[in-house]
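Model, not experiment: these values are computed from the prediction. Remember, it's 1-based here, ligands and their atoms both numbered in the order they're listed.
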Amino acid sequence: MADTFDLLLLNGTVVNQDGVGTRNIGIRSGRIAAIGALAGVSAGETIDCAGLHVLPGVIDTQVHFREPGLDHKEDLESGSRAAVLGGVTGVFEMPNTNPLTTSEATLADKVRRATRRMHCDFAFWVGGTRENAHEVAELERLPAAAGIKVFMGSSTGSLLVEDDEGVRAILRNTRRRAAFHSEDEFRLRARLDERRPGDPTSHHVWRDVEAAVSSTSRLLRIAKETGARIHVLHISTRDELPLLAAAKDYASAEVTPHHLTLSSDDYARLGTLLQMNPPVRETFHRDGLWEGLASGILDILGSDHAPHTLEEKAKSYPQSPSGMTGVQTLVPVMLDHVANGRLSLERFVDMTSAGPARLFGIAGKGRIAVGYDADFTVVDLKRRETIKNEQAGSKAGWTPHHERKVTGWPVGTIVRGNMRMWEGELAAAGGGQPIRFSETLGASA
Ligand code: DOR
C-alpha cells in the first residue's frame with residue numbers, strides 16, 4: 001500500500017545537512033516522515049514549493065514578548081504573530097517581564113499563557129539573580145526552560161547581577177549553557193554623564209566599547225574558573241572577538257541583525273528608534289562583526305526583539321527606552337545579506353537552526369531529517385519586497401527597517417506540520433508548544 005502523509009511539500013529546494021537540492025518532504029503527525037522522490041504517495045494536503053527554498057524552521061533565541069506585566073508593548077500572542085509572519089517557527093523568550101521570570105511559579109505561569117496560544121513553539125529564559133543563585137540548577141531544568149539568563153549591565157527591567165561574586169555564584173551552579181547580557185555596570189554608572197540630554201547619538205558614547213570588553217573578559221574568566229558553559233548575547237564590538245575566539249571550548253556568541261545591518265550613522269535617520277543595549281556602533285565595529293561571522297567566532301543569530309511603543313520611544317533621550325523590534329525582520333533582512341553575497345544560505349541556515357540546536361541541545365528541531373519536528377521556513381530568495389511598519393504583527397507597530405528594500409522573503413511558516421503563515425496571512429492560529437531539550441527531556445514529557 002502506498003504511503004500516506006498528512007502534508008507533502010513538493011518540489012522545493014531543500015537546504016539541510018545533506019546539501020541543497022530538490023526534494024519532496026512527507027509529514028505525518030507533526031514530524032518529518034520521509035524525504036526523497038516520494039513517487040506514488042498520497043497526502044491530506046499538498047503544497048507546491050517549486051521555485052521556493054525550504055529551510056529548517058528558524059529559531060530566534062532572543063526575544064522579549066513582555067507578558068506578563070508590560071502587555072501594552074507586546075504579549076505572547078502578538079509577539080509570536082510577528083514571529084510567524086517573519087518565518088520564525090520557535091523563540092526563546094526573555095525573563096525581564098513583570099513579575100520577573102525568576103522562579104518555578106513565574107515560569108509555569110508563562111508556559112500556561114503560551115501553550116496553544118502562541119503561534120510558534122517557545123522556551124523561556126529564567127533570570128539568574130543573587131537570590132536564586134543557589135537554585136539555578138533546578139530552575140534551568142524545569143519544563144520549557146531554555147536556561148539561565150543574566151544581565152551584567154542594567155537594561156529594561158530590574159534584573160541585574162553586576163559583580164564577579166554574583167556571576168560566580170550563578171555559574172558555580174548552572175549545568176546548562178547560561179546566557180549573558182555583557183556590559184559592565186560599574187563602568188556604565190561611572191559614565192552616566194556622557195549621556196547628552198536630547199541626543200541619542202551619545203548612547204554608544206556612554207555605553208562604550210570598553211564597557212562591553214571589560215564585562216566580557218570578566219565573564220569569560222569566571223566561566224573558565226567555574227567550568228561553566230556560557231553564551232554571550234548580542235556581541236556589538238570588534239574588540240570582543242579575539243576574547244571569544246580564545247574561549248570557544250566553553251563560550252558561544254550571538255549577533256543580531258541590527259548590529260550587522262545598522263550603524264551609528266543611522267541615528268540621524270532613526271533617532272531614539274536606534275537606541276538599543278548594547279548600542280549599535282560605528283561601521284568599524286559592524287564590519288568587524290561580519291568578520292566574526294565569516295570566521296565562525298559568532299555562532300548564531302538572535303533578533304533581541306525588544307518592543308516599545310512609539311510614544312515611549314518619542315520621549316527625549318535618555319528618558320526614551322532602549323530596544324527595537326526584530327523578530328519579524330530577522331529572516332528578510334538576513335536573506336537580503338545572502339542576496340548581496342555577505343553570507344551563504346547554508347551559513348544563514350546553520351546560524352538559525354542547527355546552530356541553536358547544537359548550542360542549547362534542542363531536541364527534535366534544527367534539521368530537516370526524518371523523525372524531527374516538521375518545522376519549516378519557506379522562502380523566496382528572489383522576491384523583492386519593501387519592509388514596512390504596516391506589515392508589523394508586533395503591538396509596537398514599527399520597525400527600524402521601515403522602507404528597506406530587500407531581496408528574499410519568508411512566504412511560509414510551518415510548525416510541527418501545521419501551516420502558521422502563508423503569503424503574509426496568519427493561517428491556523430495558536431498551537432504553540434514548549435520546545436524540548438535533550439538535557440531535560442524528563443521535564444518536558
Ligand atoms: O535594548 C535593550 N532592550 N536591550 C536589552 O537587553 C533589553 C531590551 C528590552 O527588554 O527592552
Side-chain angles (χ1 to χ4, degrees), residues 60-76 78-79 82 91-102 110 124-129 146 148-162 178-185 188 195 200 202-204 206-208 211-212 215-216 219 231-237 253-259 261-262 264 266-267 270-281 302-313 315 317-327 329-330 394-396 398-400:
D60 185 344
T61 46
Q62 191 187 176
V63 302
H64 301 261
F65 283 174
R66 309 302 194 200
E67 182 182 344
L70 299 161
D71 316 39
H72 68 285
K73 300 177 197 271
E74 197 76 287
D75 61 36
L76 293 167
S78 62
V91 296
F92 291 7
E93 204 268 344
M94 283 292 167
N96 56 338
T97 43
N98 188 10
L100 302 167
T101 318
T102 51
K110 270 195 179 172
F124 296 107
W125 291 104
V126 178
T129 65
I148 301 296
K149 153 78 186 281
V150 179
F151 283 87
M152 289 176 72
S154 53
S155 195
T156 303
S158 56
L159 277 176
L160 183 66
V161 182
E162 70 273 54
F180 283 82
H181 180 123
S182 179
E183 287 185 282
D184 189 316
E185 181 67 14
L188 298 184
R195 301 179 301 176
S202 60
H203 195 62
H204 71 287
W206 167 41
R207 301 181 86 109
D208 66 351
S215 170
T216 298
L219 170 61
H231 180 64
V232 193
L233 299 158
H234 41 43
I235 300 298
S236 64
T237 74
E254 187 164 305
V255 65
T256 71
H258 53 269
H259 286 114
T261 308
L262 302 167
S264 50
D266 292 304
Y267 276 113
L270 293 170
T272 57
L273 296 185
L274 191 65
Q275 182 190 332
M276 189 81 205
N277 300 330
V280 169
R281 305 185 190 279
S303 73
D304 197 4
H305 177 82
H308 299 285
T309 66
L310 281 173
E311 291 71 30
E312 291 162 339
K313 281 297 223 179
K315 289 183 186 164
Y317 183 83
Q319 277 77 44
S320 44
S322 295
M324 58 177 79
T325 60
V327 70
T329 48
L330 181 151
S394 165
K395 278 191 189 177
W398 63 274
T399 160

Distance filter under 4.0 Å to [X] heavy atoms, resulting ligand 1 atoms:
| X | result |
| --- | --- |
| His308 | 11 (O) |
| Ala306 | 3 (N), 8 (C), 9 (C), 11 (O) |
| Phe151 | 6 (O) |
| Asn96 | 9 (C), 10 (O) |

For ligand 1, is there an N or O atom under 3.5 Å from any N or O atom of Gln275?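 No: no nitrogen or oxygen of Gln275 is under 3.5 Å from one in ligand 1.
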Would the distance check show the side chain of [X] and the main-chain N or O of [Y] forming a donor-acceptor pair, the cut-off being under 3.5 Å?
| X | Y | value |
| --- | --- | --- |
| Glu183 | Arg207 | no |
| Thr256 | His234 | no |
| His308 | Thr325 | no |
| His203 | Met276 | yes |
| Gln62 | Gly302 | no |
| Glu74 | Arg66 | no |

Of all the non-hydrogen atoms in the protein, which one sits nearest to [atom], and at what distance?
| atom | answer |
| --- | --- |
| atom 5 (C) of ligand 1 | Ser155 OG, 3.0 Å |
| atom 1 (O) of ligand 1 | Asn277 N, 2.7 Å |
| atom 9 (C) of ligand 1 | Thr156 OG1, 3.1 Å |
| atom 3 (N) of ligand 1 | Ser322 O, 2.9 Å |

Results of side-chain contact (heavy atoms from CB on, under 4.5 Å) for Pro318 - residues two or more places apart only: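 Pro318: side-chain contact (heavy atoms from CB on, under 4.5 Å) contacts with Arg195.
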Is the contact between [X] and ligand 1 made by the side chain, the backbone, both, or neither, using heavy atoms and a 4.0 Å cut-off?
| X | value |
| --- | --- |
| Met324 | neither |
| His64 | side chain |
| Glu183 | neither |

Heavy-atom contact check, 4.0 Å cutoff: does Arg66 meet ligand 1?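 It does; at least one heavy atom falls under 4.0 Å.
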So for Met94, does at least one of its heavy atoms come nearer than 4.0 angstrom to any atom of ligand 1?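 Distance cut 4.0 Å: Met94 fails for ligand 1.
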Can you pull the salt bridge (charged side-chain N to carboxylate O under 4.0 Å, His left out) pairs that have at least one residue in residues 304-313, sequence neighbours excluded?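 Sorted pair list: Lys73-Glu312.
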Considering non-hydrogen atoms only, spot the tightest contact between Val232 and Ser182 and give its length.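 Scanning both residues, the minimum pair turns out to be CG1-CB, 3.9 Å.
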